[in-house]
Amino acid sequence: KKREMMKIHLYIAMLWVISLFAGCNDVTVGYLYTTEASYSMDTLQVTRFSALEDNINELESVFEKYTPEIQNLLAETDQLEKEFVSLSSKRDELYEAYKRARTAWLNAPASDKEYYQELLNKATEEYTYWKDEVVAPAERKIRSQKNTISSMCGNIGLADPYTLREQISQLQEQIDKNIPWTTAQIEQVLGTEPLHYSLYRVKSSNGQEAADDFAKYMTVIGGGRMYVDAKVDSPVGYYTVSLKIENEGHTAILEDIFTFEVRDN
């Protein structure tokens, strides 16, 4: 009887252990919370690639609308800026000469101090004169003329040339380097790493065909950061994106979490 009771207890223990392991297989691994998930800015304006060149031409056409007075002052200021490059370069050379003279004076033996002091005084005088009497006035004149140009352009309702040049430069860089349009990372996603982000769906104000076309230009990477290829040329309109987030044992869909506005300008 004792032997039979021992067998029964052994079977019960084995069944308990087996049920324990079976129960472990049903336990969900990790966690994933996305209720508060969002982007700090949930919209991004994207310019169609075919429109970039047109935008550059449009910006450049503004220069033709400047009065002769503005154009002459702009040409003069551009020349001053070119000359300022060499003035600044010489100032930097004189400063390096001053530093070498000072180092030589500091390291000179007492018997040669007076000689190196004269060299240091000369280097200091040349650098100070060039910095204060040549470079600084030239810089003030350029700044003053730029302010005058900006004011004159504003008076006739046109952007100043320096703003236009910066905009043209950015657009040209976009064309030359194929720089993608980029969103920030998503915020308020809490979950067990690694988290995998992917595109779930794109909806468009222009219909599903346009949405599918836009999706071809999209890439989603870690942190939910999205890239839109610079050569995107989908129809003008709004494209609303839903993302999927996955980790081991969990999946969440972030419905309509971000909107891209595709424009021609």
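Quick note: numbers below take in every heavy atom, side chains included, and nothing from hydrogens, waters or symmetry partners.
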Any side-chain heavy-atom pair from [X] and [Y] closer than 4.5 angstrom?
{"X": "Tyr217", "Y": "Ser234", "result": "yes"}
{"X": "Gln145", "Y": "Glu81", "result": "no"}
{"X": "Val220", "Y": "Tyr227", "result": "no"}
{"X": "Asp229", "Y": "Asn178", "result": "no"}
{"X": "Asn72", "Y": "Tyr66", "result": "no"}
{"X": "Thr148", "Y": "Thr77", "result": "no"}
{"X": "Arg143", "Y": "Asn147", "result": "yes"}
{"X": "Tyr197", "Y": "Ile186", "result": "yes"}

Identified side chain to side chain contact (heavy atoms under 4.5 Å, CB included) partner of Leu94 from the options Glu126, Lys131, Glu125: Glu126
Closest contact, heavy atoms only, Phe49 versus Ala230: CD1-O, 3.1 Å
Short side-chain to backbone donor-acceptor contact, Thr183 and Met226, under 3.5 Å: yes
Sidechain-backbone polar pair: Gln174 side chain, Ile179 backbone, donor-acceptor under 3.5 Å: yes
Sub-6.0 Å ring centroid separation between Tyr239 and Phe260: no
Would you list the atom pairs, donor with acceptor, under 3.5 Å between side chains in residues 29-43 and any protein atom, with sequence neighbours excluded?
residue : atom : partner : partner atom : Å
Tyr39   : OH   : Gly224  : O            : 2.5

Salt-bridge criterion met for Glu96 and Lys99 (N-O under 4.0 Å): yes
